[in-house]
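Here the structure is laid out as structure tokens; the discussion comes afterwards.
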Amino acid sequence: MSPIPAHSLAAFGLFLRLPGYAEVLLKERKHAQCLLRLVLGVTDDGEGSHILQSPSANVLPTLPFHVLRALFSSTPLTTDDGVLLRRMALEIGAIHLILACLSALSHHAPRNPNASTSVSEPQISSCHGGGTSEEQQLYWAKGTGFGTGSTASGWDVEQALTKQRLEEEHVTCLLQVLASYINPAGSSSPHSADGSSADSRAQNSSALPAVLQELLSQSCLIPAMSSYLRNDSVLDMARHVPLYRALLELLRAISTCTALVPLLLPLSGDPGQDEEDEDEEHCEGQTSVGMLLAKMKTCVDTYTNRLRSKKDKSKGVVKADSSDPEPEGLTLLVPDIQRTAEIVYAATTSLRQANQERKLVESSRKVSSRPKPLSILRSLEEKYVAAMKKLQFDTFEMVSEDEDGKVMFKVNYHYMSQVKNSSDTNSAARSRRLAQEAVTLSTSLPLSSSSSVFVRCDEERLDIMKVLITGPADTPYANGCFEFDVYFPQDYPNSPPLVNLETTGGHSVRFNPNLYNDGKVCLSILNTWHGRPEEKWNPQTSSFLQVLVSVQSLILVAEPYFNEPGYERSRGTPSGTQSSREYDGNIRQATVKWAMLEQMRNPSPCFKEVIHKHFYLKRTEIMSQCEEWIADIQQYSSDKRVGRTMSHHAAALKRHTAQLREELLKLPCPDGLEAASDEFSLLLKELPNQDAEKPGGSQDGPCSEGQL
């Protein structure tokens, strides 16, 4: 049993000073008696039971704030009492306390920490345990399932989720209080075509204290709202419906007040706001609450369209799951997001038009939404991201049906037999979850010049996917393209997706202790390794995006040798360093042969354009990288222990690099990119061309089982 938080008791004592608060509190007489007893240090509920064991226990932590919300809602701004109440709430520090609690519970600092506040930030107790000792700090990556092999839980998942839920309940209540302070009971909606909405906003502005806009703009409110709005996962929104509905209520309230509408636009002092060369819309896309809400609306629109399309195209019977609460929550949330986005857009558009009329001189500044030409982007990183962004998530026709209605595959697919043998019956929960996952993937996949993830799903079946991951920089996998086949089984999400590596050199290369040469991906979150309970697949908290990020960051690492069970103990020793270096040498030559050369010569139809642009944009970097790898391996060719195998790896790498050079020189400029000058080709030719070894001089294949 958790005691009532200290900040709730402090808020209760402060709010009692507001006129009318006590009267509203007494409407909840039983709860009010329990709260008053706790404030006085009495734990008995008056009936012989402990207060924290009474039915009121779950209500008490947020009761002071719920009562304040009810008070604001019952006292409209059109009355003198309403205006006086809001002015007094500011003067006694009630709004400052609410914002301080919001900062602590949402874990977002104020935009201006030095802003004057009359109430110090409350101390919120944490459920986290003590610090980890040096003995407990593990070298290997969490989630790979490799290390001590322990299956004991390292932390209490249920306790962490309970703490998160309680904090979320408080944040939800705080947002509702702020909404009722600004716009009691949602009394006015600015979503109308005539001038009444503008008049309503102006009326609210005159009734609210003048200092409110400055206070809110300097507080944690904008960072917190922006953080929640940046969540482009419909799956996650469905798990936090009350929080998002409270947030949307607050956004609608802000839209009713002309003085507060600027909070929905880029604020002064935010990154990018003072750069004159940045156009207005570009800055807004980075920091504006209004733009983030518009993007969220796009996400839910995509989700509903995909779900509707899935239902229309599905020939099987969709089973409804009456025990699943998600449909009802999303049914309420999706139209709420759409309506709020329209209201916010109307309010911000009106404000922009008013500003433009007052500032005709500044109207000459170019406001264009067209992307900047690649030729003026400042770095290879920007060029790469700009070129590859639209290619990250797309559909591709992988499956069709013959005249008899049997499934036919148009591409090679590892799980072909599972798909053909699966039932035509689809559960509503599975279809909905796949639609949510697809929307998340369409907006949240990692993208950078150093490493990116690309996904293709079938045009009509979201349960059939292919993934391409480019190897992270500073690893033996750097710039290689690794393809995976993915299938979501019939009982998904109760069981994890099935993932198989296709880039295996015809089952000849084991690229990693976690990646077998038959394509098996050994990862705790996929339940293919007996890891700790919190590392395994959880239908409520795990997602396919987490699987992809785990493969990218926990498997494709700088020193994959130490992912092998027990090998991490040799990290830092001369023997371990030599073995790791030898292992990396083999992975490097295999990456060039199979993840570069083979991908360029025989690209997957799903990722043909991705592979072409990837190698074209990074061709100079890749050649420099290969030459560095050769030089690094050659310096250990005379080592007594690993010299022989390192010489073999160097010879194979030289041979593959020479072939890669020729392939890169033949690459045409992809559509949509500006043709590079001859400097790139000249630079490729100027790089030292290592002589290829004789055919019998080395082996291309992987190390022996003992070395791997």
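- Under a 3.5 Å cut-off, the side chain of Thr573 and the backbone N or O of Ser570 do form a donor-acceptor pair.
- No donor-acceptor pair closer than 3.5 Å links the side chain of Asp485 to the backbone N or O of Lys466.
- Between the side chains of Asn500 and Tyr487, no donor-acceptor pair is found at a separation under 3.5 Å.
- Remark: Arg581 is positioned above the aromatic ring of Tyr636, its terminal NZ or CZ atom under 6.0 angstrom from the ring centre and at most 45 degrees off the axis.
- Other residues, nucleotides and ligands place more than 12 heavy atoms under 6.0 Å from the CG atom of Asn494.
- Within the 4.5 Å cutoff, no side-chain heavy atoms of Ile555 are placed close to those of Pro560.
- Salt bridge annotation for Glu598-Arg601: absent, with no cationic side-chain nitrogen under 4.0 angstrom from a carboxylate oxygen.
- Gln392 and Ser452 share no side-chain donor-acceptor pair at under 3.5 Å.
- Not a single donor-acceptor pair under 3.5 Å links the side chain of Ser226 to the backbone N or O of Pro223.
- Within a 6.0 Å radius of CZ in Arg644, no more than 12 heavy atoms belonging to other residues, nucleotides or ligands are found.
- Here the side chain of Ser637 pairs a donor or acceptor atom with the backbone of Gln634 at under 3.5 angstrom.
- With 3.5 Å as the limit, one finds a donor-acceptor pair spanning the side chains of Tyr384 and His614.
- If you take CG on Leu554 and CG on Asn514, they are separated by 8.5 Å, rounding to the nearest 0.5 Å.
- At least one donor-acceptor pair under 3.5 Å links the side chain of Thr440 to the backbone N or O of Gln436.
- The cationic atom of Arg510 (NZ for Lys, CZ for Arg) lies less than 6.0 Å from the six-membered ring centre of Tyr516 and within 45° of the ring axis.
- Interatomic distance, Ser550 OG to Leu556 CG, rounded to the nearest 0.5 Å: 11.0 Å.
- The closest side-chain heavy-atom distance from Lys618 to Ser449 is below 4.5 Å.
- Residues Val547 and Leu523 approach most closely at O-CD2, 4.4 Å, considering heavy atoms.
- In this structure, Arg619 forms a cation-pi arrangement with Tyr616, its terminal cationic atom sitting closer than 6.0 Å to the ring centre and no more than 45° off the ring axis.
- Side-chain polar atoms of Gln589 and Asn586 form a donor-acceptor pair below 3.5 angstrom.
- Distance CD/Glu627 to CG/Leu653: 8.5 Å, rounded to 0.5 Å.
- The closest side-chain donor-acceptor pair between Ser542 and Asn538, if any, does not fall under 3.5 angstrom.
- Checked against a 6.0 Å centroid threshold, the rings of Tyr477 and Phe482 count as neighbours.
- Of the possible polar contacts, none joining the His648 side chain to the Met646 backbone as a donor-acceptor pair under 3.5 Å is found.
- With contacts defined as side-chain heavy-atom distances shorter than 4.5 Å, the pair Phe454/Pro446 does not qualify.
- Asp639 and Val642 make their closest contact through OD1-N, 3.1 Å (heavy atoms, listed as atom of the first residue, atom of the second, distance).
- Looking only at side-chain heavy atoms (C-beta outward), Phe511 and Asn517 stay at 4.5 Å or farther from each other.
- Nearest approach of Ser422 to Gln490, heavy atoms of both residues: CB-NE2, 3.7 Å.
- Nearest heavy atoms, Gly576 versus Phe562: O-CZ, 3.7 Å.
- Residues Ser448 and Ser450 have side chains that bring a donor and an acceptor to within less than 3.5 angstrom of each other.
- Residues Lys163 and Glu167 are paired through a salt bridge, judged by an N-O separation under 4.0 Å between the basic side chain and the carboxylate.
- Between atom CG of residue Asp458 and atom CG of residue Leu462 there is a gap of 8.5 Å, rounded to the nearest 0.5 Å.
- The closest donor-acceptor contact from the side chain of Ser553 to the backbone of Val549 lies under 3.5 Å.
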In sequence, state the C-alpha distance, the side-chain angles, and the governing distance for Trp537 and Ser495, and then conclude on side-chain contact (heavy atoms from CB on, under 4.5 Å). CA-CA 7 Å; Trp537 178 264; Ser495 63; 5.8 Å; no
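- The shortest side-chain heavy-atom distance between Phe544 and Met465 falls under the 4.5 Å cut-off.
- For CG of Asp474, the number of neighbouring non-hydrogen atoms (other residues, nucleotides, ligands) closer than 6.0 Å is 12 at most.
- Atom CZ of Arg661 and atom OG1 of Thr657 lie 8.0 Å apart (nearest 0.5 Å).
- For the residue pair Phe409 and Lys420, the shortest heavy atom distance occurs at CD1-CE, 4.3 Å.
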Check step by step if salt bridge (charged side-chain N to carboxylate O under 4.0 Å, His left out) holds for Arg430 and Asp463. CA-CA 9 Å; Arg430 178 175 183 259; Asp463 57 341; 3.0 Å; yes
Start with the C-alpha distance between His240 and Glu168, add both sets of side-chain angles, then the distance that settles side-chain contact (heavy atoms from CB on, under 4.5 Å), and finish with yes or no. CA-CA 8 Å; His240 309 283; Glu168 186 175 305; 2.6 Å; yes
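- A side-chain N or O of Asp632 and one of Gln635 form a donor-acceptor pair less than 3.5 Å apart.
- In this structure, Ser233 contributes its side chain and Asp236 its backbone to a donor-acceptor pair below 3.5 Å.
- Between the side chains of Glu582 and Thr645, at least one donor-acceptor pair of N or O atoms lies under 3.5 Å.
- Without hydrogens or angle criteria, His612 side chain to Pro668 main chain gives a donor-acceptor distance under 3.5 Å.
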Please lay out, stage by stage, how Glu663 and Lys666 fare under the test salt bridge (charged side-chain N to carboxylate O under 4.0 Å, His left out). CA-CA 5 Å; Glu663 294 294 335; Lys666 291 188 295 185; 3.6 Å; yes
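- Looking only at distances, a side-chain donor or acceptor of Tyr413 sits under 3.5 Å from a matching main-chain atom of Val486.
- Side-chain N/O atoms of Arg641 and Ser579 include a donor and acceptor closer than 3.5 Å.
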Test side-chain contact (heavy atoms from CB on, under 4.5 Å) applied to Leu545 and Leu445, step by step: CA-CA 7 Å; Leu545 179 62; Leu445 290 172; 4.1 Å; yes
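- The distance from the CE atom of Met596 to the OG1 atom of Thr503 is 12.0 Å, given to the nearest 0.5 Å.
- With salt bridges taken as basic N to acidic carboxylate O contacts below 4.0 Å, one links Lys410 and Glu397.
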I'd like to know whether Glu559 forms a side-chain contact (heavy atoms from CB on, under 4.5 Å) with Thr475, so could you lay out the CA-CA distance, the side-chain angles of the two residues, the decisive distance to 0.1 Å, and finally the verdict. CA-CA 7 Å; Glu559 296 180 300; Thr475 71; over 6 Å; no
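- The closest side-chain donor-acceptor pair between Glu437 and Tyr492 falls under 3.5 angstrom.
- Side-chain atoms of Arg456 and Thr395, non-hydrogen and from C-beta on, never get closer than 4.5 Å to each other.
- Using a 4.5 Å heavy-atom threshold, the side chains of Leu468 and Ser604 count as separate.
- Of all the heavy atoms in Ile633 and Gly585, the pair that sits closest is CD1-CA, 3.9 Å.
- Gln599 is not listed as a side-chain neighbour of Trp594, based on a closest heavy-atom distance of 4.5 Å or more.
- A ring-centre distance under 6.0 Å is not found for Phe607 and Phe396.
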